[in-house]
Undergrad: 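Pasting a structure here, questions to come.
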Amino acid sequence: MALHQRLGFHIVRETEQDYYLELDLTQEGENMEEIRLHTSELGEKAALLRAGQRVLLSGTAYTSRDAAHKRITQQLDQGQEPPYPLDGAAIYYAGPTPAPEGLAIGSCGPTTSTRMDPYTPRFLDLGVKAMIGKGKRSAPVVEAIKRNGAVYLCAIGGAGALAAQCITACEVIAFEDLGCESVKRLELRDFPLIVGIDCTGGSILV
C-alpha cells in the first residue's frame, strides 16, 4: 500500500503531471493499526510504537530544519538553553509557508530528514522523543533512536496543504530571521503519521 494511502489520504483527481489528495481520518485500511497519541505521552509511549503503525498525533511539536538545528547546536556548544526543551520534544522537520487569511498555517509538508542527520544523535541523547519527516535515516541516527527509546514518524511529502488542516496553531519562537525555517511551536490535532523507525530498529524504510 502506498504511503499516502496508509496515512489516510486518497487520490480524488489525477493528471499526467500531478495527483490531488484528500484526507480521510475515518479510513480503515487493511491490517492498519491506528493509535491516537498526545505529545505529552511520548516519554512513556514512544518506545511502545512499532514500525508500520499509523499514529494520529496531537499536542505540541516544534519545527526545526537544518539551519535551526545548526543554530541550536551552537547554543548547546556555548552552554545556552535551546529555544524549546529538548527533553521529551517532538520535532517536525518542516518550513511552513505563511498562513492564508483565516488559517493557522500555510502549507506544512515534511523536509527530507537526512539533512538533519548530522545533528540528530545529539538531540536524541538530550531527550528528543519523536521526529517527523520523510525519507530514510543514517545508521548513527537509527542507533540513537534505539539507544534512547525514541521514534521516527513519517509524514507524506507533497501534501503540505492538506496536512496543515491538522495544525490548529503556529507561533514563531526563535530565529525569525530564518524566515520559513524559523523555529515554530505548532499545535497538532490528529496529524496523520506512520511509524517509520521504532526503538528496536524496526523500519518501513527499506
Side-chain angles (χ1 to χ4, degrees), residues 1-4 6-8 29 31-77 81-94 109-157 163 183 185-186 188 190-206:
M1 184 185 294
L3 180 58
H4 71 267
R6 296 178 72 176
L7 285 171
N31 298 323
M32 180 181 293
E33 181 178 0
E34 179 178 279
I35 298 170
R36 276 189 159 82
L37 182 65
H38 195 276
T39 54
S40 63
E41 302 173 302
L42 286 170
E44 58 180 306
K45 294 188 176 180
L48 303 178
L49 299 173
R50 292 296 177 262
Q53 290 178 320
R54 179 181 174 185
V55 173
L56 298 179
L57 186 66
S58 299
T60 302
Y62 301 93
T63 67
S64 297
R65 285 175 35 168
D66 45 324
H69 273 67
K70 181 177 180 179
R71 288 200 185 176
I72 293 171
T73 297
Q74 291 170 342
Q75 290 179 325
L76 294 172
D77 289 343
E81 290 295 321
Y84 53 88
L86 297 180
D87 190 17
I91 298 179
Y92 185 19
Y93 301 149
T111 298
T112 301
S113 300
T114 53
R115 295 167 58 180
M116 275 56 69
D117 281 1
Y119 310 100
T120 297
R122 183 175 185 181
F123 281 38
L124 288 167
D125 289 342
L126 289 171
V128 168
K129 282 299 178 185
M131 303 155 293
I132 303 167
K134 65 178 181 180
K136 296 182 178 182
R137 308 307 303 265
S138 67
V141 171
V142 175
E143 288 304 311
I145 290 172
K146 294 164 60 178
R147 183 168 65 245
N148 291 285
V151 65
Y152 172 51
L153 302 167
C154 291
I156 187 170
V183 173
R185 182 189 296 112
L186 306 181
L188 311 180
D190 287 342
F191 196 97
L193 302 163
I194 291 287
V195 178
I197 303 173
D198 64 39
C199 72
T200 71
S203 175
I204 64 170
L205 305 168
V206 294

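Each residue takes its place number in the sequence, starting with 1.
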Undergrad: Any heavy-atom pair between the side chains of R147 and L124 that's under 4.5 Å?
TA: no
Undergrad: Rounded to the nearest 0.5 Å, how far apart are OG1 of T114 and NZ of K134?
TA: 10.0 Å
Undergrad: Would you kindly say whether T60 and Y84 are connected by a side-chain donor-acceptor distance under 3.5 Å?
TA: no
Undergrad: Can R122 and T73 be counted as having a side-chain donor-acceptor contact under 3.5 angstrom?
TA: no
Undergrad: Is the backbone of V183 close enough, under 3.5 Å, to the side chain of S64 for a donor and an acceptor to pair up by distance?
TA: no
Undergrad: So does E81 have more than 12 non-hydrogen atoms from other groups sitting under 6.0 Å from CD?
TA: no
Undergrad: Looking at Y152 and C199, would you say the former's side chain and the latter's main chain have a donor-acceptor pair under 3.5 Å?
TA: no
Undergrad: Just do the side chain to side chain contact (heavy atoms under 4.5 Å, CB included) check on L49 and L37 with the steps written out, would you?
TA: CA-CA 10 Å; L49 299 173; L37 182 65; 4.0 Å; yes
Undergrad: Quick one: does D198's side chain have a donor or acceptor within less than 3.5 Å of a partner on A51's backbone?
TA: yes
Undergrad: Over all heavy atoms of both residues, which pair between S113 and K136 is shortest? Give the atoms and the distance, please.
TA: CB-O, 4.4 Å
Undergrad: Hey, what do you get for CD1 (I132) to OG1 (T63), rounding to the nearest 0.5 Å?
TA: 10.5 Å
Undergrad: To the closest 0.5 Å, what do you measure between OH (Y93) and OG1 (T112)?
TA: 12.0 Å
Undergrad: Using side-chain heavy atoms (C-beta onward) and a distance below 4.5 Å, is L193 in contact with C154?
TA: no
Undergrad: Please round to the nearest 0.5 Å and tell me the distance separating atom CE of M116 and atom CE of M131.
TA: 10.5 Å
Undergrad: Using a 3.5 Å distance criterion without hydrogens, assess whether the side chain of S203 forms a donor-acceptor pair with backbone atoms of L205.
TA: yes
Undergrad: How close do D66 and Y119 get, counting heavy atoms only, and between which atoms?
TA: O-CE1, 4.1 Å
Undergrad: Report yes if some heavy atom in the side chain of L126 is under 4.5 Å from a heavy atom in the side chain of L76; otherwise report no.
TA: yes
Undergrad: How far apart are the closest heavy atoms of G149 and A46, and which atoms are they?
TA: O-CB, 3.7 Å
Undergrad: Begin with the C-alpha distance, continue with both residues' side-chain angles, and end with the deciding distance and a verdict on side chain to side chain contact (heavy atoms under 4.5 Å, CB included) for V151 and K45.
TA: CA-CA 10 Å; V151 65; K45 294 188 176 180; over 6 Å; no
Undergrad: Let me confirm one number: the CG-NZ distance from D87 to K129, rounded to the nearest 0.5 Å.
TA: 8.0 Å
Undergrad: At what distance, to the nearest 0.5 angstrom, does CG of L153 lie from CD of Q53?
TA: 10.5 Å
Undergrad: If I compare all heavy atoms of I156 with all of P110, which pair ends up nearest, and what's the gap?
TA: O-CD, 3.3 Å
Undergrad: Y62 and P85: which non-hydrogen atoms are nearest, and at how many Å?
TA: OH-CD, 4.3 Å
Undergrad: Write down the atom of A155, the atom of F191, and the distance for their closest heavy-atom approach.
TA: CB-CE2, 4.1 Å
Undergrad: Run through N148, L42, L86 and flag the one making a side-chain contact (heavy atoms from CB on, under 4.5 Å) with V128.
TA: L86
Undergrad: Is there a side-chain contact between T39 and S58 (heavy atoms, below 4.5 Å)?
TA: no
Undergrad: State, with a plain yes or no, whether a side-chain heavy atom of P140 is found less than 4.5 Å away from one of D117.
TA: no
Undergrad: Does a side-chain heavy-atom distance below 4.5 Å link R50 with T200?
TA: yes
Undergrad: Report the C-alpha distance between I72 and Q75 in whole Å, list the side-chain angles of each, state the deciding distance to 0.1 Å, and finish with yes or no for side chain to side chain contact (heavy atoms under 4.5 Å, CB included).
TA: CA-CA 5 Å; I72 293 171; Q75 290 179 325; 4.2 Å; yes
